[in-house]
Chemist: 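What follows is a structure written as C-alpha cells; I'll ask about it next.
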Amino acid sequence: MNLRGLPLYLPVLLAAGLAILPASYLIFGSLWSADPGLPGQLTSQNFAAVASDPTLGAVLFNSVAYSLGAALFAAALAFVLAIALQRTDAPLKRFMTSALLVSLAIPWMVEDIAWTYLLSPRIGLYNIWLGQLFGIGDSLLNIYSIWGLIWVMGLSLTPLAYLIISPSLSLVDPHLEEASLVSGARLRTTFFRIDLPLSLPSILSALLLCTVIALEAFDASAIIGIPGRVWTLTNSIYGQTVQTPPNFEVASAYAVILVAMTLTLILLYSRSIRLSQRYATVSGRTGRPRTFSLGRYRWFVAGGFITYLFVYLVPVLSVLVFVSLHNFWNPTDLPPITLANYENLLIFPSIDTGIFNSAIVSVTAAVATAALAFFLSYTSTRRRSVIGRSAELLASLPLAFPTIVLGIGLLWALLRSPLPIYGTVWALTLAYTIRYVPIVSRFLSGPMVQLAKELEEVSRICGAGVATTLRRIVLPILKPSLIAGAVYVFVVSIKDLGAAVMLTTGDSALFSSALYNLWTHGDELVAVAGGILYVGVLSGALLILAIILKIDLFSIMSPEGRRAKSGN
Amino acid sequence: MRRRAVGTTARVAALVVAIVVIAGGGFYFFYYPAAPSPQQVLLTVYGSVDTQDMQPVLKDFHGNYSYIAVNYQEFTPPKAFAKISAELAARNATADVTFITNSLMNTLKSAGDLISYNSTQSANYPSNYHDPKGYFATAILLPVVFSYNSQLVTSANLPKTLNELTNSSWRGKVIMHDVTIGSTGTQYMLSLVPIVGNATFTAWAKALATNVQPTLTSDTTAIANGVASGQYSIGIVTYLHDVVRLQSQGAPIGWFLPQGVPLLTAPASVGIVRGTPHLAAAQLFEDFILSKNTQQVIGNTAVRFIAYPGLTAKYAVSGVAPNEMIVFFPTAQVSAQARTFGPIFKSWGF
C-alpha cells in the first residue's frame, strides 16, 4: 500500500468502524438478557421468545406479502405511467410529471395519516361517499388491513419506481424498434417483443428495491398496521419497545431477522443490477425511440392522469387541511371550523425543537455522509487494496439495516459506550451518516469510474500532492454527484421516522418523531395540522435547496431533462 | 536612590492592585455567571398528561418562579419510562421530573431512578396518595370508564353487564386499550379479576376476544376519539377526562360502567428523577403541583381530575361521577403480573 495515501484510508476506516458499531451491538443486544445499559448475561432466550410468539407466522407472512404486494403495485403503476409519459403522445404529460414530483415531497407518515381519514371503515370519506352513491354500507374499504398497507405503500413507492423504470423506456435503441417494424411486426408486437423485454431488468430492479424499502419502512406499518393488527417485522420491533416495561432485547432479536431478510433482498438486487448490464442498448449511435400515437385514446390516457391526481394527490392533501380545521373528527356530525389545532401546535415545545433539530440533523448528516462517501468511493475505485476493499465491504453493511434497526443497534451501542451523545441530535446524525454512506458512495462510483485517470496523473506530474489533486481535480468534477447525494440524504433523513422513534429524547426530538408522538398520544388532529406544516417545511426546504444549488427539480422526474443536463 | 525605591514600591503596589483587580474581575466574570443564576434554570418534565392541559399550571408556575422555565415533554407512560431509563443508563439524563402513572413510578422507584422527597404538601392528602418513602406523590386521578357513541348506541341498547358486551353483534364496533403490552389495558383487565372472579373473568375475556374481536390501540385518548368519530360504537378502558372533554366540545360520546364494575382509577404522580442538576427547582415544582391553589387550577381546566381531597372544582371526580365508588388500580400484584399476562391475552385471541 502506498503510505502517501494513508490519510485517504482514515475516513474509509472510520466509515467501516461506524458501520460495525450498530451491527455488532444489535447482535449483542439480541443475545443479552437485560435492557440496554443494564447488567445481564448472554442468552438465547430472546430468540426463543420470538420463536414462541403465536403471531410470528403472521408477522413473517404479512411482512413478505405486504412488501412484495406494495412493490408489485408500485412497479406496475410506474411502468404504465412511464410508457404513457415517455413513449406516447398523451396530453397533460408535464402536468402528470409535476404531480409525481409533488408526491415525492410528501412525507410518508403524513400520507398515511391522510389515508386513515379517507379509507377508515365507517368514517373514511371514500367509504361514506361510496356508501351514499351505491347504497353499499359505509365499510366497503378498510385501510386497516394488509390490502390497505399495500395500497398506501404502493402509491408512496410509485414515484421512486417510476424514476428507475422510465429511463429504460426512453433510452431504448430506436434501431431495434425500426428493425422490428421493417420486418413486418406491428406496433403492439414490437412493444411486447422489443421494449418490454429490454425494460424487464429495470422493472425487476424497481421491484426488488421497492420490496426492500417497503420491508424496512416503519411509517405505514405504524400508522395503519398497528391499529389494524397487521403485524409486520418493523411494527413488531417497535411494539416490543413500548411494552411496559420495554423489551429491547426481544426487539433486537426481531431486528436480526429483519436484517437477514433485507440482506437477502439486497444481494438479489445487486445481482439484478449486474444482469441488467447484459441489456445495454445505449451505444454510440443516438436517436429518440419512437413515440406511439394513441389516436383517439389520447384523452383516455389523460383521463387516467387526472384520475390519479383526483383519487390520490388532491384528496390526500385536501383531507389533511379539512380535518385539521376541526376540534374533533366526526364526518357525519362535523363540529364548527376552528384553527385551534394550529394554535395548539404552537404550545408543544417538541414541534419547534423538532423543526430546528431536523434541520441540524439533516444538514450535518448530508455533509458528513457526502464527505465519507467521497473517500469510500475514491479508494474503492482508485486504490484497489485489501484494506480498501475490506473497508468498503464493511461500510456497505448498513445497506441492509432499516433505520429502525439501526436505531436499536445504536441505542445499545451508545448506552454501553463512553461516547456521551445519547439523547443529543448527534446520535441521529451518526445514525443517518452510517445508513446513507454506502448509498451515496454508489451515487459517486459511476462518475468516479468515468473520471479518466490521466487527469490525476497529469496533476501529480505537475507536482501536486494527493490532497491538491483531490481538491482541484476530482472534487470539482464530482461536485454535481456529491450535491445530488447530499440532497438525497437531506430529504430521506428529514422524512425518516424509524431511527427517530428509537433515538430521540425530549431535547433531541425531530419533527417526524414529534408528530408521531402527537399522533400516538391522542392529539391526532394537532398531528394532522403538524403534517400540513411538515409538507410546507419540506417543500420550502427543497425549493430553497433547488434555488441555491441551481437544480431543475422537474428534470429529476424526466429522463429527457436528465439527458439534457448531462449534455447527451 | 530613595526616590527611585519609593517609585518602585509604588509601581509594585500598583501592579499588585492591577493583578487583584484583574483577577477579581476575572473571578467575577467567570465564576459569577457559572453560579446557578435564577434566570437560567430550565426544568425538563417528562409527563403523560396532555400538554394543553398542563399549560395553565406551567404558566402559573412560571408566574410564581420566574427564574424557572419548564420544558414539558409529553409522552405515553411507557415511552416516558423507556426514555428516562435509557437516558439514566447512558448517564445523560434529560428529565428532571416525571409525571406518569403510579405503576411505572413504582418500577422507576424499584430501579433506583427516583429521588425521595417528602413534599410539604403531602400531608394534605390521604396516605395512599403518595409513596410511603416520598418517591412520588399523586397529583391527578385518571378514572377509567366504558364509552359509547350516542349516535350509534342508545341508552336502551347499552350493554348492562360485561357479558352483554361479548355479543357478536358488537363485532368490529369495539375499541379497547391494547391488553397485550402490559400497560393500562392489561392492568385494567387484571384489576377486574378480583371483582368478578377468576373463572368468570377468563370466560368473559376469551368470549370478548373471540366474538367481538375488539380493535386494540396503545393510546387511551385514541379510544375516546375513535368512539366520538363514529368509527366505533363502544370503547373499553376509556379515560373519563377524554369523554368529558369531547362532550364539552359537542361530540356524540357518553360513558357507562357495566353492573358490578367500580370506577377503577389510575393515579398519576409526580416524582424527581435521579441525578437531576435542578433538585431545588424540581422540589418546588412538586410542591407547586400538589398545592391547593394549583389543584384548584387543574380542577377547573378542561379536563383533568384533581387528587386533592374535598376540593370543590369543576372537574372533581365526585362532581362528574357522584354515585360511583373509586377504586385505585393497579395494585402492586397486578403491576407485576401485567407484563407476563400480555402474551396470555395474545394467545386468547386479542
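Here is how names work: the chains are called A, B, and so on, in the same order as the sequence lines, proteins then strands, and each is numbered from 1. Hydrogens, waters and symmetry mates are skipped; everything else that's a heavy atom, side chains included, is used. Because the structure is a prediction, the values reported are computed rather than measured.
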Chemist: Hey, which of A:Thr353, A:Leu518, A:Asn247 has the most heavy atom pairs under 4.5 Å with chain B?
Modeler: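 Looking at each option in turn, the highest pair count goes to A:Asn247.
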Chemist: I need the single residue from A:Thr234, A:Asn235, A:Asp112 that forms a side-chain hydrogen bond (donor to acceptor under 3.5 Å, both in side chains) with A:Ser221. Which is it?
Modeler: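 The option that passes is A:Thr234.
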Chemist: Which one, B:Ala95, B:Gly342, B:Pro78, leads in non-hydrogen pairs under 4.5 Å with chain A?
Modeler: B:Pro78
Chemist: Could you tell me whether the side chain of A:Asn517 and the main chain of B:Glu74 form a donor-acceptor pair under 3.5 Å?
Modeler: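 Yes, because the side chain of A:Asn517 sits within donor-acceptor range (under 3.5 Å) of the backbone of B:Glu74.
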Chemist: Can you say whether the rings of A:Tyr516 and A:Phe218 are parallel (under 30°), tilted (30 to 60°) or perpendicular (over 60°)?
Modeler: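 It falls in the perpendicular class, over 60°.
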Chemist: Under 4.5 Å, counting heavy-atom pairs only, tell me which of B:Thr220, B:Leu88, B:Thr221, B:Thr217 racks up the most with chain A.
Modeler: B:Thr221
Chemist: Under 4.5 Å heavy-atom distance to chain A, tell me which part of B:Ser183 shows up: side chain, backbone, both or neither.
Modeler: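 For B:Ser183, backbone and side chain are both near chain A.
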Chemist: Is B:Asp219 salt-bridged to B:Lys79, going by a charged N under 4.0 Å from an acidic O?
Modeler: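 No.
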Chemist: Main chain of A:Ala58, side chain of A:Asn62: is a donor-acceptor contact present, judged purely on distance under 3.5 Å?
Modeler: yes
Chemist: Using a 4.5 angstrom heavy-atom cutoff, name the option from B:Ala82, B:Ala86, B:Ser85 with the most pairs to chain A.
Modeler: B:Ala86
Chemist: Give a yes or no on whether the backbone of B:Tyr46 and the side-chain of B:Gln73 come within a donor-acceptor separation of less than 3.5 Å.
Modeler: no
Chemist: Judged by atom type as modelled, is there a donor-acceptor pair below 3.5 Å linking the side chain of B:Asn149 to the main-chain atoms of B:Ser229?
Modeler: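 The answer is no, because no donor-acceptor pair under 3.5 Å joins these two groups.
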Chemist: Check whether A:Pro420 gets within reach of chain B through its side chain, its backbone, both or neither, counting any heavy atom under 4.5 Å.
Modeler: backbone
Chemist: Go through the atoms of A:Val501 and report whether side chain, backbone, both or neither lie under 4.5 Å from a heavy atom of chain B.
Modeler: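 Answer is backbone: N, CA, C or O of A:Val501 sit under 4.5 Å from chain B.
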Chemist: Heavy-atom distances under 4.5 Å only: say whether A:Pro36 touches chain B with side chain, backbone, both or neither.
Modeler: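 For A:Pro36, the backbone is the part near chain B, not the side chain.
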Chemist: Side chain from CB out, backbone as N, CA, C, O: work out which of these in B:Gln151 comes under 4.5 Å of a heavy atom of chain A, or both, or neither.
Modeler: side chain
Chemist: Side chain, backbone, both or neither: which part of A:Asp53 has a non-hydrogen atom closer than 4.5 Å to chain B?
Modeler: side chain
Chemist: Can you say whether B:Leu216 sits under 4.5 Å from chain A via the side chain, the backbone, both, or neither, judging by heavy atoms?
Modeler: both
Chemist: Let me know if B:Phe75 has heavy atoms under 4.5 Å from chain A in its side chain, its backbone, both or neither.
Modeler: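 Its backbone and side chain both get close to chain A.
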Chemist: If you compare all heavy atoms of B:Val243 against all heavy atoms of B:Ser147, which two are closest, and at what distance to 0.1 Å?
Modeler: CG2-CB, 4.0 Å
Chemist: Would you check if the side chain of B:Thr340 reaches a backbone N or O of B:Gln337 as a donor-acceptor pair within less than 3.5 Å?
Modeler: yes
Chemist: Is the shortest distance from a Lys or Arg side-chain nitrogen in B:Arg274 or B:Asp96 to a carboxylate oxygen in the other one below 4.0 Å?
Modeler: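 No, no charged N to carboxylate O under 4.0 Å.
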Chemist: What do you reckon, are the aromatic ring centroids of B:Trp255 and B:Tyr148 less than 6.0 Å apart?
Modeler: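 No, the ring of B:Trp255 stays outside the 6.0 Å limit from the ring of B:Tyr148, centre to centre.
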Chemist: Using non-hydrogen atoms and a 4.5 Å limit, figure out which bit of B:Asp242 sits close to chain A: side chain, backbone, both or neither.
Modeler: neither
Chemist: Got a donor-acceptor contact below 3.5 angstrom from the A:Ser508 side chain to the A:Thr504 backbone?
Modeler: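 Pair absent, no side-chain N/O of A:Ser508 close to backbone of A:Thr504.
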Chemist: Is B:Gln55 atom CD crowded by more than 12 heavy atoms from other residues, nucleotides or ligands, each under 6.0 Å away?
Modeler: yes
Chemist: So what's closer than 4.5 Å to chain A heavy atoms on B:Tyr239: side chain, backbone, both or neither?
Modeler: neither
Chemist: So which of A:Thr424, A:Asp523, A:Leu525 has the largest heavy-atom pair count under 4.5 angstrom toward chain B?
Modeler: A:Asp523
Chemist: Just say parallel, tilted or perpendicular for the rings of A:Trp115 and A:Tyr126, cut-offs at 30° and 60°.
Modeler: tilted
Chemist: Under 4.5 Å heavy-atom distance to chain A, tell me which part of B:Ala338 shows up: side chain, backbone, both or neither.
Modeler: neither
Chemist: Which bit of B:Thr51 is near chain A, if near means a heavy-atom gap under 4.5 Å: side chain, backbone, both or neither?
Modeler: both
Chemist: Out of B:Asp178, B:Thr107, B:Leu246, which one racks up the most heavy-atom pairs below 4.5 Å with chain A?
Modeler: B:Asp178
Chemist: Counting only heavy atoms closer than 4.5 Å, note whether A:Asn327 contacts chain B via side chain, backbone, both or neither.
Modeler: both
Chemist: For a side-chain contact (heavy atoms from CB on, under 4.5 Å) with A:Val528, tell me which candidate from A:Tyr117, A:Trp329, A:Phe322 qualifies.
Modeler: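 That would be A:Tyr117.
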Chemist: Would you say the ring centers of B:Trp348 and B:Phe345 fall short of 6.0 Å from each other?
Modeler: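 Yes, ring centres under 6.0 Å apart.
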Chemist: Among A:Val242, A:Thr55, A:Thr505, single out the residue with the greatest number of heavy-atom pairs under 4.5 Å to chain B.
Modeler: A:Thr505
Chemist: Go through the atoms of B:Thr180 and report whether side chain, backbone, both or neither lie under 4.5 Å from a heavy atom of chain A.
Modeler: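 When you check distances to chain A, atoms from both the backbone and side chain of B:Thr180 fall under 4.5 Å.
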Chemist: Identify the residues of residues 139-147 of chain A whose heavy atoms come closer than 4.5 Å to a heavy atom of chain B, ordered by number, or report 'none'.
Modeler: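 Listed by number: A:Tyr144.
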